[in-house]
Structures are given as C-alpha cells and as structure tokens.
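Take a look at the structure below.
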Amino acid sequence: MRDALYPPTGWRRAVEYFAHRLKRLPDSPHKIALGFACGVFVSFSPFFGLHFVYAALCALVVRGNVLAACIGTFVGNPLTFPFMATSALTVGGYLFNMKGEPKSFAALTDAFFGAFSGLWQSMLSLVGYGEPAWEKLATFWSELFMPYWVGGLLPGFITAAAVYFLARPLIAAYQTRRKSRVLARAQEELRRKAAARRSGLAQGRS
C-alpha cells in the first residue's frame, strides 16, 4: 500500500521515467501525444483494473500510439484519483439530476467494494450458498457507475485535449534534438574512421 501511494524512488523519479519512455517511443509526435491523451482520458473513467485495455482500444480507434496510451493511464494514480473522481461525479450528478452533495472519494471506494461484494455474494447464490444481492449492483450501477462514467467524459476530454497540445510540441522538439545528436555522433564516427584510414595510408607509404 505504501509503494502504491508513494513509489520507492519518489513520484518525481517515476514521472521522469515515464516521460523519458514516452519521448523515446518510435512513432510520430502526433500519434504519441494522441495515444498519451487517450490514457489520460481513460483515467477519468470508473473502469478500474481495465484502464490499459480501455486506453488501448481508444488509441486504436483514433490511430494513436497504443503503448503511449498505456503510459498515459499512469496519470491516474492514488494522488490524482480523488480529484478525477470528484470532477466526474460532480458533472455526472448534474447530468443525471442527482440531489445531494457529490460522493467523497472514501464513499466511492466503499461503494466499489460493496458492489464487488454483492457480485460475489450473488455468484455464490447461484450454486446454493446464501441469498443473491443483485439489488446492490443495480443501485451501484444507476447511482454511481453511470454518473461516474458519463460525468467523466467531459473533464476527461478537456484534460486529454490540453495534454495532447502540450505534449506534441515537446515530443517533436525532443525527437528533433535526438536526431541531431545521433547525426552528429554518426558524422563524428565517420570523421574518425576517415582520419584513421588516412593515417594508415600515410604509414604504409612511409
């Protein structure tokens, strides 16, 4: 739990690592930034445990980089989920005309655990163990999951669009600098080989 909330190397090192991996992906800046934006968009959804799959599908639909989409899902983490969930549920509560204050993140996690518990209890009831609890899932679906999912579309899209327009020029600039460094190293290697060849010819003549 501690490592999930705070990586052993620190969040700064984790962010630097994923940013480095993102910039070095072998694809165009547009596709990489688009894929990363898909991962950010998906982070506003309640499909916990399926974000990689959801992000990959979104990237395939818009022809973005699938690996960049998977990296983008790490924007959703224990530090950002409370803000993402709150914004999604606030918008969802308004769209679904739900009264009362938006659910807190603690109440949200309790609701997810309760839904999984109800699902497990209902599955056991199919083989003769206990009573079904499908009503828990129905309540969870209508009062939490759907408002969360639909409500997360707007803030997710806005955040993903902002991330795309920020990431694309940064990735393009990094790739340009990297190509320049690779070209400079290649030219330097050619100069060294040419100098060594001339030196060898000069020694052979002498």
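- In this structure, M84 and T159 have side chains that are not in contact, with every pair of non-hydrogen atoms separated by 4.5 Å or more.
- Connection of Y94 to V150 is established within a shared hydrophobic cluster, with ILVMFWY side chains joined at heavy-atom distances below 4.5 Å, either directly or through further cluster members.
- Under a hydrophobic clustering in which Ile, Leu, Val, Met, Phe, Trp and Tyr are joined whenever their side-chain heavy atoms come within less than 4.5 Å, directly or via other members, M146 and L95 fall into the same cluster.
- Here L154 contributes atom CG and F44 contributes atom CZ; the two are 10.0 Å apart, rounded to the nearest 0.5 Å.
- With hydrogens and angles ignored, the 3.5 Å screen pairs no side-chain donor or acceptor of T86 with any backbone N or O of F83.
- For the pair F47/F145, a side-chain contact is recorded, criterion being any heavy-atom separation below 4.5 Å from C-beta on.
- Aromatic ring pairs are classed by plane angle as parallel below 30°, tilted from 30° to 60° and perpendicular above 60°; the pair H51 and F81 is tilted.
- Here the side chains of V62 and C38 are in contact, with some heavy-atom distance below 4.5 Å.
- By the criterion of side-chain heavy atoms lying less than 4.5 angstrom apart, applied directly or through intervening Ile, Leu, Val, Met, Phe, Trp or Tyr residues, L34 is not grouped with V42; the two fall into different hydrophobic clusters.
- More than 12 heavy-atom neighbours from other residues, nucleotides or ligands sit within 6.0 angstrom of CZ on F96.
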Show me the donor-acceptor pairs within less than 3.5 Å that the side chains of residues 66-74 make with the rest of the protein, sequence neighbours left out.
unit_1	atom_1	unit_2	atom_2	d
T73	OG1	C70	O	2.5

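- In this structure L153 satisfies the side-chain contact (heavy atoms from CB on, under 4.5 Å) test together with F41, W149, sequence neighbours excluded.
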Compile the donor-acceptor pairs under 3.5 Å between side chains in residues 161-169 and protein atoms, sequence neighbours left out, one pair per line.
unit_1	atom_1	unit_2	atom_2	d
Y164	OH	H30	ND1	2.7
Y164	OH	R168	NH1	2.7

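- Shown here for V91 and P155, the closest heavy-atom pair between the two residues is CG2-CD, 4.3 Å.
- Cluster membership for V75 and F48, using ILVMFWY side-chain heavy atoms within less than 4.5 angstrom, is shared.
- Distance check: I171 CD1 to I32 CD1 gives 5.0 Å after rounding to the nearest 0.5 Å.
- The hydrophobic cluster containing V53 also includes L57, under a criterion of side-chain heavy atoms closer than 4.5 Å among ILVMFWY residues, counted directly or through chains of members.
- Closest approach of G76 and S43 over heavy atoms only: N-OG, 3.4 Å.
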